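A quick write-up on the structure given underneath.
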Protein chains: 2
Amino acid sequence: MSATENQQLKQVLREHELKATTQRIALLKLLDATHEHFDAEEIYLELLKKEKNVSRATVYRSLEALAEQDLVTRLDFGDGRMRFERSKGEDEHHDHLICEKCGKVIEFFNLEMEAQQLSVCEENDFTPSTHTMHIFGTCSDCRTSQ
Amino acid sequence: MSATENQQLKQVLREHELKATTQRIALLKLLDATHEHFDAEEIYLELLKKEKNVSRATVYRSLEALAEQDLVTRLDFGDGRMRFERSKGEDEHHDHLICEKCGKVIEFFNLEMEAQQLSVCEENDFTPSTHTMHIFGTCSDCRTSQ
DNA sequence: TCCCAAAATAAGAATGAATCTCATTTACAC
DNA sequence: GTGTAAATGAGATTCATTCTTATTTTGGGA
Ligand SMILES: [Mn+2]
Ligand SMILES: [Mn+2]
Ligand SMILES: [Zn+2]
Ligand SMILES: [Zn+2]
């Protein structure tokens, strides 16, 4: 809504050498607003509500461009479609607990685990770029309610 | 080849309440022989070389049945198709380093990391069932050769 | 403010991994 | 050996994602 938010996002996009299209701005605004882990179709449908002109192809292309610049993060929860979240700072990396019953996603960060990852890479003379650390299981709500 | 290997695999399948079809036996034999991380199409093509009758559908269905019984393990390296490996013992769980340049897969096990995972689950009142811990990056071969 | 070339978009076709359908074959308990 | 439920083969189908092409938009410069 706010013109200032639009301006800020325009700024962000340009800093990353991306043209500030209305679709990309709307996409970032959506992810900023919700903090959720949307898939492409959900993003497409949300954007349709707000903007008259959006196409699925643009959602996919924008997500690709934004992910390339680390403005959004791709998440693969292994169910056949990619999820996306707004990237937080370099310093705010986190991993995920995913409830197989209700789909809830719990974010966590564990410094010791990250340190062990680096240690494993060193042992294997391997230069890491990214990692996926997803723990699947049952959340407390789903465990108690059955 | 060996009749004894066939008999052993028949035995294994029956212990898991799976009918010992020639296709399932051939599939297990292939994975036992190579220790590789094949996708379904690769498995299909390999089986075609050896058996005259195999269909893609059977490969997928067999892999599903075998994975259900933990005789094979599904691996999602995030590139759009699932990989499969022969499951090792409960005690031989491992995770993967995946080279983004050459596709090489390095297996590792880190007890401290696994312990931290349990600790994170406890903190979040979460009951884990499985996890994916894949580190993507560049292997030493690919780093030195360029 | 107007103009232009390059880049991005809309709409829908194409792709490809995975699943489903159904007629036929096979496994295995009796 | 028989019968029956389960598994298979072949190909159709699904569905997420990518591609194609004509059209529109962006951003820089006149
Ligand atoms: Mn997250
Ligand atoms: Mn492995
Ligand atoms: Zn839950
Ligand atoms: Zn490599």
Side-chain angles (χ1 to χ4, degrees), chain A residues 6-7 9-28 30 37-69 71-72 74-84 103, chain B residues 6-7 9-28 30 37-69 71-72 74-84 103:
Chain A
N6 274 27
Q7 281 312 117
L9 291 175
K10 258 188 187 175
Q11 186 62 24
V12 169
L13 284 165
R14 288 190 178 137
E15 281 165 6
H16 289 269
E17 314 207 319
L18 293 175
K19 298 207 168 176
T21 66
T22 57
Q23 293 85 347
R24 289 171 178 172
I25 293 169
L27 203 166
L28 285 180
L30 172 66
H37 303 82
F38 283 136
D39 64 37
E41 183 69 13
E42 290 168 335
I43 291 171
Y44 168 65
L45 292 175
E46 284 299 316
L47 292 184
L48 262 193
K49 289 185 194 167
K50 303 185 167 70
E51 313 280 321
K52 32 217 154 297
N53 294 321
V54 202
S55 79
R56 252 175 278 257
T58 295
V59 170
Y60 279 101
R61 279 180 302 222
S62 298
L63 286 170
E64 187 185 6
L66 295 169
E68 183 119 9
Q69 294 299 316
L71 293 174
V72 308
R74 311 177 82 92
L75 303 168
D76 183 355
F77 290 169
D79 62 349
R81 65 216 131 111
M82 287 289 176
R83 309 293 168 93
F84 299 87
Chain B
N6 274 27
Q7 280 313 116
L9 290 174
K10 258 189 186 177
Q11 186 62 24
V12 168
L13 284 164
R14 288 189 178 137
E15 280 165 7
H16 290 269
E17 315 206 319
L18 294 174
K19 297 205 171 179
T21 65
T22 57
Q23 292 84 349
R24 290 171 178 174
I25 292 169
L27 204 167
L28 285 180
L30 171 67
H37 302 81
F38 284 135
D39 65 36
E41 183 69 12
E42 290 168 333
I43 291 170
Y44 168 65
L45 292 175
E46 283 299 317
L47 292 183
L48 262 193
K49 289 185 194 167
K50 302 182 167 75
E51 313 280 321
K52 34 218 152 299
N53 293 321
V54 203
S55 80
R56 253 175 277 257
T58 295
V59 170
Y60 279 101
R61 280 180 300 221
S62 298
L63 287 169
E64 187 186 7
L66 294 169
E68 181 118 12
Q69 293 299 315
L71 293 174
V72 307
R74 312 177 81 92
L75 302 169
D76 183 355
F77 290 169
D79 62 349
R81 65 218 132 109
M82 287 288 178
R83 310 291 168 94
F84 299 87

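Every heavy atom of this structure was used, including side-chain atoms; hydrogens, water molecules and symmetry mates were not. Everything numeric here is computed off the predicted structure, so don't read it as measured data.
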Detail all sub-3.5 Å separations between protein N/O atoms and N/O atoms belonging to nucleotides 11-14 of chain D.
none

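To the nearest angstrom, P of dA6(D) lies 12 Å from CD of Glu17(B). Taking atom CE of Met82(A) as the reference point, atom P of dA16(D) lies 13 Å away to the nearest angstrom. Rounding to whole angstrom units, CG of residue Leu63(B) and C1' of dC20(C) are separated by 17 Å. As rounded to whole Å, 14 Å separates atom P of dT8(D) from atom OH of Tyr44(B). One can place NZ of Lys10(B) at 9 Å from C1' of dA27(C), the figure rounded to the nearest angstrom. As rounded to whole Å, 12 Å separates atom C1' of dC19(D) from atom CD of Glu64(A). The nearest whole Å value for the distance from the CG atom in Asp79(A) to the C1' atom in dC15(D) is 13 Å. In this structure, Leu13(A) atom CG and dT26(D) atom C1' are separated by 12 Å, rounded to whole Å.
Here the side chains of Phe84(B) and His37(B) are not in contact, with every heavy-atom distance at 4.5 Å or above. Side-chain contact between Leu71(B) and His16(B): present, with at least one pair of heavy atoms (C-beta onward) separated by less than 4.5 Å. In this structure, the side chains of Arg83(A) and Phe38(A) stay at 4.5 Å or more apart for every pair of heavy atoms. Residues Glu46(B) and Ile43(B) have side chains not in contact (no heavy-atom distance under 4.5 Å, counting atoms from C-beta outward). Residues Gln11(B) and Arg14(B) fail the side-chain proximity criterion, which asks for heavy atoms closer than 4.5 Å. The side-chain heavy atoms of Val59(A) and Gln23(A), taken from C-beta on, include no pair separated by under 4.5 Å.
Look at Tyr60(A) and you won't find any side-chain N or O under 4.0 angstrom from OP1 or OP2 of dT18(D). Contact check, Thr21(A) against dT9(C): a side-chain N or O comes under 4.0 Å of OP1 or OP2.
Thr58(B) contributes no side-chain N or O that, together with a main-chain N or O of Val54(B), makes up a donor-acceptor pair within less than 3.5 Å.
Residues Thr58(A) and Arg14(B) both approach DNA chain C. Their nearest nucleotides, taken by heavy-atom distance, put Thr58(A) toward the 5′ side. When each of Val54(B) and Lys19(B) is assigned the nucleotide of DNA chain D bearing its nearest heavy atom, the one mapping closer to the 5' terminus is Lys19(B).
Among the atoms of the strands shown, none is found under 4.0 Å from any heavy atom of Asp39(A). Ala20(B) comes within 4.0 angstrom of the backbone, heavy atoms only, and of no base.
When each of dA17(C), dA6(C), dT17(D) is scored by its nearest atom to the side-chain atoms of Arg81(A), the top-ranked nucleotide is dT17(D). Proximity note for Gln23(B) (side chain, C-beta onward) versus dA6(D), dG9(D), dA10(C): the nearest is dG9(D).
One donor-acceptor pair, N or O on each side, does fall under 3.5 Å between the base of dT21(C) and the side chain of Arg61(B).
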